[in-house]
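Structure record follows, encoded as structure tokens.
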Amino acid sequence: MDRKSHMDLIGAVALTVFAFHLGFNQVVIKVTSGGFSPVFSAGLRSAGAVLVLLVWMYLRGLRIALPRRAWVGGLLSGLLFALEFTSAFTALDLSTVSRVSVIFYSMPVWLALMAHFLLPGEQLTAGRGVGLALAMAGVALALLDRNSGAASWTGDLLSLLAALCWAGIVLCVRLTPLSEVPPAQQLICQVAVSAPILLLIAPLFGPLMREVEPIHVAGLLFQILAVASFGYLIWFWLMTIYPASSVASFSFLSPVFSVLCGWLILSEEVALSIWAALALVAAGIYLINRKPGRPPST
């Protein structure tokens, strides 16, 4: 498809489906942890993604090795990737999908705050500042809600750490020569670095296997194929077709779908404060990513 200057119906539908895909994946991770320990599951996911991506890149005739100038950025992004999913998977094992999702998908908030100081031309405007305040209020509200039986400070803080690592990966790509390599190389670097780290540290978090059933294996395969491999590649593909700001504006849907999936599929009880936190975070993310309107002509 040709590069487009604006979002069209096909793009809007694709991004909405992708946001649901990510939201549903939070439930899949939660279910899969019933058969595999969280960190071991994350390691298997990265290792499986490496194999899938290597085959896909070979068939497409894509270069696999990173240029030497991008090695430092690639290593750093891989380390952050490992820490992000150690934190996120463990958080989902300790807490509910709704709590983790509200905090984890606040990533654009922390990215906007970091970018304000580190990236030229990314300073916060009044509108983005309002969005930042709303989303941070939503995260604070979620953290302060301790009435839920599933509330866990460890899970909440790990969710926040995962969001910060995710934002760090984006900054790493933007600030290092890693930005000069194709998305597929960026992705395989992250999963290739993270896989051995996650698999090596997994025994530190308890038994690797729990009560493995077919649904847990299916969940792991879904994460490998539909998320860590082709899911991320589809995201990168959409970024090459539509304006980045338009693509990013759909990110507010992911926490909404995550909470709804946790509520509908896992029958999680979602407190009113979490719904309110979700609304604040979603509104804030939308304002942060919204493309400023053109001034009226005179």
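Counting begins at 1 with the first residue of the sequence. Since the model is a prediction, treat every value here as computed from it, not as a measurement.
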- Output, in order, the C-alpha distance, side-chain angles, deciding distance and verdict of side chain to side chain contact (heavy atoms under 4.5 Å, CB included) for Phe36 and Met209. CA-CA 5 Å; Phe36 304 93; Met209 312 288 281; 3.8 Å; yes
- Nearest non-hydrogen partners of Ser258 and Gly23, listed with the distance: OG-CA, 3.1 Å
- Item | Close side-chain approach of Val27 to Leu266, heavy-atom, < 4.5 Å | yes
- Task: Mind running side chain to side chain contact (heavy atoms under 4.5 Å, CB included) on Val28 and Val31 for me, showing each step along the way?
- Result: CA-CA 5 Å; Val28 175; Val31 171; 5.8 Å; no
- Task: Check the hydrophobic clustering (I, L, V, M, F, W, Y; side-chain heavy atoms under 4.5 Å; chains of links allowed) and say if Ile265 and Val100 are grouped together.
- Result: yes
- Any side-chain donor-acceptor pair under 3.5 Å between Thr32 and Ser41? no
- Task: Could you check if a side-chain atom of Ser77 sits within less than 4.5 angstrom of a side-chain atom of Leu178, using non-hydrogen atoms only?
- Result: yes
- Shortest non-hydrogen pair, Ala82 vs Leu198, comes out as O-CD2, 3.5 Å
- Item | Gln223 side chain vs Ala228 backbone, donor-acceptor pair below 3.5 Å | no
- residues 29-45 vs salt bridge (Lys or Arg N to Asp or Glu O under 4.0 Å), sequence neighbours excluded, gives none
- Message: Applying side chain to side chain contact (heavy atoms under 4.5 Å, CB included) to Trp275 and Ser98, what does each step give before you reach the verdict?
- Response: CA-CA 9 Å; Trp275 288 114; Ser98 57; over 6 Å; no
- Have a look at Met136 and tell me which of Val139, Leu132, Leu134 forms a side chain to side chain contact (heavy atoms under 4.5 Å, CB included) with it. Leu132
- Heavy-atom closest pair, residues Gly48 and Ile224: C-CG2, 3.5 Å
- Task: Kindly indicate whether the side chain of Trp110, heavy atoms from C-beta on, has any atom under 4.5 Å from the side chain of Trp166.
- Result: no
- Has the side chain of Ser95 got a donor or acceptor atom that lies under 3.5 Å from a matching backbone atom of Ala91? no
- Query: Distance-only, no hydrogens or angles: does the Ser46 side chain make a donor-acceptor pair with backbone N or O of Gly43 under 3.5 Å?
  - Reply: no
- Item | Transitive ILVMFWY side-chain link Val173 to Leu79, under 4.5 Å | no
- Query: Is a side-chain N or O of Gln26 found less than 3.5 angstrom from the main chain of Ser101, in a donor-acceptor match?
  - Reply: no
- Task: For Phe236 and Pro183, work out which heavy atoms get closest and say how close.
- Result: CG-CB, 3.3 Å
- Query: Within a strict 4.5 Å, meaning less than it, do heavy atoms of the Tyr105 and Leu22 side chains meet?
  - Reply: yes
- Member of Ile274, Thr96, Val270 meeting the side chain to side chain contact (heavy atoms under 4.5 Å, CB included) criterion with Trp263: Val270
- From Leu187 CG over to Trp56 CH2, what is the distance, rounded to the nearest 0.5 angstrom? 9.0 Å
- Message: Starting from Ile10, can I reach Phe20 by hopping between I/L/V/M/F/W/Y residues whose side chains sit under 4.5 Å apart?
- Response: yes
- Query: Rounded to the nearest 0.5 Å, how far apart are CG of Leu15 and CG of Leu238?
  - Reply: 5.0 Å
- Task: Can you tell me which residue pairs pass the salt bridge (Lys or Arg N to Asp or Glu O under 4.0 Å) test with a partner in residues 169-185, sequence neighbours excluded?
- Result: Arg69-Glu180, Glu122-Arg174
- Query: Can you check whether Phe89 reaches Ile29 side chain to side chain, under 4.5 Å on heavy atoms?
  - Reply: yes
- Side-chain contact test, heavy atoms from C-beta onward, threshold under 4.5 Å: evaluate it for Phe81 versus Ile197 and give yes or no. no
- Query: Got a donor-acceptor contact below 3.5 angstrom from the Arg128 side chain to the Ile288 backbone?
  - Reply: yes
- Query: For the side chain of Trp71 and the backbone of Leu66, is there at least one donor-acceptor N/O pair under 3.5 Å apart?
  - Reply: yes
- Message: Rounded to the nearest 0.5 Å, what separates atom CG in Leu113 from atom CG in Leu124?
- Response: 6.5 Å
- Rounded to the nearest 0.5 Å, what separation is found between the CG atom of Leu220 and the CG atom of Leu225? 9.5 Å
- Using modelled atom types only, decide if a donor and an acceptor are shared between the side chain of Gln185 and the backbone of Ala65 within a distance under 3.5 Å. yes
- Could you point out which residue of Phe257, Phe222, Phe18 forms a ring-ring contact (aromatic ring centres under 6.0 Å, His included) with Phe24? Phe222
- Query: Do Val193 and Leu175 share a hydrophobic cluster, counting only Ile, Leu, Val, Met, Phe, Trp and Tyr and linking them when any side-chain heavy atoms are less than 4.5 Å apart?
  - Reply: no
- Would you give the length of the straight line joining atom NE2 of His21 to atom CG of Leu253, rounded to the nearest 0.5 angstrom? 15.0 Å
- Note on the structure: Closest non-hydrogen atoms of Leu94 and Gly155, given as atom of the first, atom of the second and distance, are CD1-N, 4.1 Å
- Applying the 4.5 Å side-chain criterion to the ILVMFWY set and letting contacts propagate, would Phe230 and Val227 be lumped into a single cluster? yes
- Item | Glu213 backbone acceptor or donor facing His216 side chain under 3.5 Å | yes
- Query: So Phe40 and Leu199, side chain to side chain contact (heavy atoms under 4.5 Å, CB included) or not? Walk me through it.
  - Reply: CA-CA 6 Å; Phe40 185 51; Leu199 292 175; 3.9 Å; yes
- Which atoms form the tightest heavy-atom contact between Val97 and Leu92, and what is the distance? CA-CD2, 4.0 Å
- Message: Tell me whether Tyr242 contacts the main-chain N or O of Gly11 through its side chain, where contact means a donor paired with an acceptor under 3.5 Å.
- Response: yes
- Query: Would you call Val281 and Ile285 a side-chain contact if the rule is heavy atoms closer than 4.5 Å?
  - Reply: yes
- Item | Main-chain N/O of Asp156 paired with Arg99 side-chain donor or acceptor, under 3.5 Å | no
- For residues Leu233 and Leu53, determine if any side-chain heavy atom of one lies less than 4.5 Å from a side-chain heavy atom of the other. yes
- Message: As an exercise, state the distance from CG of Leu143 to CH2 of Trp153, rounded to the nearest 0.5 Å.
- Response: 5.5 Å
